[in-house]
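Encoded as structure tokens, the structure appears first; notes follow it.
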Amino acid sequence: MFDGSFPPPREFQDRAHEALRQGVREGHRRQCVMAATGAGKTYLGMRVINEALKKGKRAMFLCDRVTLINQTSETAERYGLWNHSIIQASHPRLDLSRPFQIASVQTLMRRGWPDANVIVVDECHAQYKTWVDYVTSEACQAVVVGLSATPFSKGLGKIFTNLVNAATMEELVQQHVLVPMRIFSCRRPDMAGAET
């Protein structure tokens with residue numbers, strides 16, 4: 001049984017989660033959430049996963065770097081989602097029978113994809129061929145949520161059919177989530193002679 005224990009969402013996180021639900025109702029199977037660093041993208045991704053698990057669905061959180069696996073696992077546990085498996089080379093916590101998997105994209109490249117109804121892709125702007133090919137194929141029937149602070153990479157619009165902007169930088173500053181930016185220098189560097 002999954003019953004995550006999440007701190008109450010901030011208003012913009014709740015609004016973004018509802019926008020994702022609305023996107024699914026409108027037929028968007030692949031959506032991207034844009035939110036600044038520190039806005040709680042992992043928190044939102046875990047809430048989406050928790051919602052799926054409560055409905056008896058299978059879910060996966062996909063990390064683009066092996067170094068993020070343990071951090072993501074610790075975050076899941078902090079939110080009460082301790083009963084998950086980790087798909088990573090030689091990881092002792094591997095158990096594909098569990099409905100919640102935290103996976104390394106590099107490992108999936110070699111092992112293939114377990115069944116999932118919901119896939120959350122962290123740092124989706126990196127566009128690893130392994131997950132892009134899978135989520136855009138007919139074999140993938142999962143709802144896919146990409147997370148990124150910078151979803152401006154060329155080609156993302158061919159993967160995701162909906163963009164949810166969780167909050168602007170200004171909104172996050174006004175809500176005291178982020179501190180105001182201070183610009184120390186705005187001189188244009190001299191790029192004469194620099195190679196492209």
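What's counted below: heavy atoms across the whole structure, side chains too, no hydrogens, waters or symmetry copies.
Following chains of ILVMFWY side-chain contacts shorter than 4.5 Å, one cannot reach Leu147 starting from Ile119, and the two form parts of different hydrophobic clusters. Both Ile87 and Trp131 are assigned to one and the same hydrophobic cluster, defined by single-linkage of ILVMFWY side chains at heavy-atom distances under 4.5 Å. Both Val105 and Met60 belong to a single network of hydrophobic side chains, linked directly or stepwise wherever heavy atoms of I, L, V, M, F, W or Y lie under 4.5 Å apart. Tyr134 and Val145 are members of different hydrophobic clusters when ILVMFWY side chains are connected at heavy-atom separations under 4.5 Å. Hydrophobic clustering places Leu94 together with Trp113 (ILVMFWY residues linked when any side-chain heavy atoms are closer than 4.5 Å, directly or through intermediates).
Among Val144, Leu68, Val121, the single residue meeting the side chain to side chain contact (heavy atoms under 4.5 Å, CB included) criterion with Leu62 is Val121.
Without hydrogens or angle criteria, Gln127 side chain to Lys154 main chain gives a donor-acceptor distance under 3.5 Å. A donor-acceptor pair under 3.5 Å links the side-chain atoms of Thr168 to the main chain of Glu171, judged by distance alone.
Atom CE of Met109 has more than 12 heavy atoms from other residues, nucleotides or ligands within 6.0 Å. Within a 6.0 Å radius of CG in Asp115, no more than 12 heavy atoms belonging to other residues, nucleotides or ligands are found.
Looking at heavy atoms from C-beta onward, Met46 lies out of side-chain contact with Arg78 at the 4.5 angstrom threshold. His84 is listed as a side-chain neighbour of Arg93, based on a closest heavy-atom distance under 4.5 Å. Taking 4.5 Å as the limit, every side-chain heavy atom of Asn83 sits out of range of all side-chain heavy atoms of Phe100. At least one side-chain heavy atom of Arg47 sits under 4.5 Å from a side-chain heavy atom of Pro9.
Residues that satisfy the side-chain hydrogen bond (donor to acceptor under 3.5 Å, both in side chains) test with Glu138, not counting sequence neighbours, are absent from this structure. For His91, there are no side-chain hydrogen bond (donor to acceptor under 3.5 Å, both in side chains) partners two or more places apart in sequence or in a different chain. For Gln22, the side-chain hydrogen bond (donor to acceptor under 3.5 Å, both in side chains) partners at least two apart in sequence or on another chain are Arg25, Glu26. Listed by chain and residue number, Phe6, Tyr79 satisfy the ring-ring contact (aromatic ring centres under 6.0 Å, His included) test with Tyr43 (two or more places apart in sequence, or in another chain). The side-chain hydrogen bond (donor to acceptor under 3.5 Å, both in side chains) test applied to Ser97 returns Asp95, not counting sequence neighbours.
Minimum interatomic distance between Gln101 and Ser85 (heavy atoms only, all atoms of both residues): OE1-OG, 2.8 Å. Across all their heavy atoms, Leu163 and Pro151 have their closest contact at CD1-CG, 4.2 Å. Pairing each heavy atom of Thr150 with each of His125, the nearest pair is O-CB, 3.4 Å. Considering all non-hydrogen atoms of both residues, Ala126 and Asp64 come closest at CB-OD2, 4.0 Å. Closest approach of Arg58 and Arg98 over heavy atoms only: NH2-O, 3.0 Å. Between Ser73 and Ile102, the shortest heavy-atom contact is CA-CD1, 3.6 Å.
The CD atom of Gln175 lies 6.5 Å from the CD atom of Glu11; values are rounded to the nearest 0.5 Å. Interatomic distance, CG of Leu81 versus OG1 of Thr72, reported as 12.0 Å (0.5 Å rounding). Arg110 contributes atom CZ, which lies 9.0 Å from atom OG1 of Thr130 (distance to the nearest 0.5 angstrom). To the nearest 0.5 Å, the span separating CG on Asp133 from OH on Tyr128 amounts to 14.5 Å. Here the CZ-CZ distance, from Arg10 to Arg15, works out to 13.0 Å after rounding to the nearest 0.5 Å.
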Report, one line per pair, each donor and acceptor closer than 3.5 Å where one atom sits in a side chain of residues 27-39; sequence neighbours left out.
{"residue": "His28", "atom": "ND1", "partner": "Thr161", "partner atom": "O", "Å": "3.3"}
{"residue": "His28", "atom": "ND1", "partner": "Thr161", "partner atom": "OG1", "Å": "2.7"}
{"residue": "Arg29", "atom": "NE", "partner": "Ala142", "partner atom": "O", "Å": "3.0"}
{"residue": "Arg29", "atom": "NH2", "partner": "Val135", "partner atom": "O", "Å": "3.1"}
{"residue": "Arg29", "atom": "NH2", "partner": "Cys140", "partner atom": "O", "Å": "2.9"}
{"residue": "Arg30", "atom": "NE", "partner": "Ile159", "partner atom": "O", "Å": "2.5"}
{"residue": "Arg30", "atom": "NH1", "partner": "Val135", "partner atom": "O", "Å": "3.4"}
{"residue": "Arg30", "atom": "NH2", "partner": "Ile159", "partner atom": "O", "Å": "3.3"}
{"residue": "Gln31", "atom": "OE1", "partner": "Asn162", "partner atom": "ND2", "Å": "2.8"}
{"residue": "Gln31", "atom": "NE2", "partner": "Leu20", "partner atom": "O", "Å": "3.0"}

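The residues Arg21 and Glu18 are annotated as salt-bridged, a charged nitrogen and a carboxylate oxygen being separated by less than 4.0 angstrom.
With hydrogens and angles left out, the side-chain atoms of Ser104 and Gln106 include a donor and acceptor closer than 3.5 Å.
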